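Sequence positions, counted from 1, serve as the residue numbers for this chain. Note that the structure is a prediction, hence the values are computed from the model and not measured. Read the numbers this way: they start at 1 and go in the same order the structure lists the ligands and their atoms. These numbers come from the heavy atoms of this one structure, side chains and all, not from hydrogens, waters or symmetry mates.
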Amino acid sequence: MSNIADIAKALVSPGKGILAADESAPTIEKRFKSIQVSSTEESRRNYRELLFRAAGLGQFISGVILFDETIRQRATDGTPLTELLQRQGIIPGIKVDAGTSPLALFPGDKITEGLDKLRNRFAEYSGLGAQFSKWRAVITIGDGIPSPYCLEANAHALARFAALSQEMGLVPIVEPEVLMDGPHTIERCEEVTATALAAVFQALTAHRVRFESMLLKPNMVVSGKECPRQAGPGEVAEATLRCLKRFVPAAVPGMVFLSGGMSDVDATKNLNAMNQLGGAPWELSFSFGRALQAPALRAWAGKAGNAAAAQQALLHRARCNQAARFGRYDHTIEQNG
Ligand code: 13P
């Protein structure tokens with residue numbers, strides 16, 4: 001596949017979605033701590049190797065987002081981890097942002113870093129087999145935040161990233177994540193998501209990004225984690241699609257939702273509800289990190305002897321999300337797989 005528009009389409013092929021396994025060193029350390037495993041180059045490799053070796057993963061997963069360390073790593077038998085993915089028909093991708101920092105003079109707002117020398121890094125990642133890339137902007141809802149400047153600065157960085165990625169032949173996944181943290185209502189989440197998306201697409205247009213050759217990784221429009229009224233899947237689906245339809249051009253091939261700290265089952269239920277509603281001009285897919293990995297991580301618990309159980313747990317969540325891609329997820333699939 002040489003045309004990046006074809007790669008973008010392949011990443012959202014019907015029934016398939018993306019596994020986000022691109023946790024940075026501090027994030028994977030936090031995840032491992034929850035299962036009392038220390039994070040070393042070897043433990044990170046062992047864990048990711050077992051995920052990528054799960055037999056049949058390619059039926060459900062179109063692409064995997066990798067972290068800088070992982071794209072360079074080899075499996076225990078010397079095979080590059082990217083090759084394990086390619087053997088399963090899975091497209092390797094790479095997270096290229098360098099994480100967030102406080103936005104100077106805007107207390108509470110964050111800006112994503114990593115644009116310096118990014119063209120050179122893209123060339124290297126392309127040589128290592130990456131065919132798509134991801135950049136995550138983080139937008140926090142709070143008292144007086146996000147500021148309009150935070151949205152503008154993050155949209156600008158996302159657009160610079162996306163343009164460079166396309167120039168270098170990798171499909172950009174543009175991720176403006178409005179966080180779920182806080183007591184805000186679903187209405188406030190919709191309002192902030194709308195403003196963020198409007199800024200992002202204005203910047204992408206100004207930077208000549210081709211919509212056919214990118215994917216959007218949006219948050220779902222949900223109630224804040226500490227909001228007393230938690231919206232159910234039907235309401236989340238309606239609010240999310242209403243918001244996206246207002247701001248996202250139909251030329252973008254797909255929405256690959258993040259899970260953002262929702263439970264794995266909630267993420268699947270919400271995705272299912274969106275696909276049941278139908279009528280969207282894009283594929284409604286997933287690019288889940290925690291919502292695909294959480295049960296596998298628990299089953300593994302750092303022990304090689306648990307690898308098969310961890311792989312089954314990953315395949316189960318992948319199968320459930322495949323069903324949700326078709327709006328066919330239900331209790332029976334959750335119970336029996
Ligand atoms: P979560 O699904 O755990 O939010 O991770 C997705 C991701 O890649 C965030 O950048």
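- Between Glu177 and Lys110 there is no salt bridge, since none of the side-chain N atoms of the basic residue sits less than 4.0 Å from a carboxylate O of the acidic one.
- In this model, no donor atom of one side chain and acceptor atom of the other lie less than 3.5 Å apart for Thr100 and Glu113.
- Proximity annotation for atom 6 (C) of ligand 1: of Lys217, Gln293, Arg290, Lys217 comes nearest, heavy atoms only.
- Counting heavy atoms closer than 4.0 Å to ligand 1, residue Leu292 contributes nothing at all.
- Close approach of ligand 1 to Asp22 (heavy-atom distance below 4.0 Å) involves ligand atoms 8 (O).
- Checked options Arg328, Lys269, Arg317; the residue passing with Glu334 is Arg317 (criterion: salt bridge (charged side-chain N to carboxylate O under 4.0 Å, His left out)).
- With 3.5 Å as the limit, one finds no donor-acceptor pair spanning the side chains of Ser213 and Gln166.
- Counted by atom type alone, Tyr125 and Gln131 present zero donor-acceptor pairs between their side chains at under 3.5 Å.
- Residue Lys134 touches ligand 1 through its side chain alone, judged by heavy-atom distances below 4.0 Å.
- Looking at Ser287 against ligand 1, only its backbone comes within 4.0 Å, counting heavy atoms.
- Contact annotation: for Ala20 versus ligand 1, heavy atoms closer than 4.0 Å belong to the side chain alone.
- Atom 9 (C) of ligand 1 has as its closest protein heavy atom Glu175 OE2, 3.2 Å.
- Of all atoms in ligand 1, numbered sequentially from 1 with element shown, those under 4.0 Å from a heavy atom of Phe288 are 2 (O).
- No close placement of the Phe288 and Phe257 rings is indicated, their centers lying 6.0 Å or farther apart.
- Contact atoms of ligand 1 toward Ser259: 1 (P), 2 (O), 3 (O), 4 (O) (distance under 4.0 Å to a heavy atom of the residue).
- For the 3.5 Å distance criterion, the side chains of Thr185 and Arg229 fail to qualify, holding no donor opposite an acceptor.
- By the 4.0 Å heavy-atom criterion, Gly260 is counted among the residues contacting ligand 1.
- Annotation for ligand 1: atoms under 4.0 Å from non-hydrogen atoms of Gly289 are 1 (P), 2 (O), 3 (O), 5 (O), 6 (C).
- Atom numbering of ligand 1 starts at 1 in the shown order; those under 4.0 Å from a heavy atom of Arg136 are 9 (C), 10 (O).
- Taking the six-membered ring wherever Trp is involved, the centroid distance between the rings of Phe211 and Trp282 does not fall below 6.0 Å.
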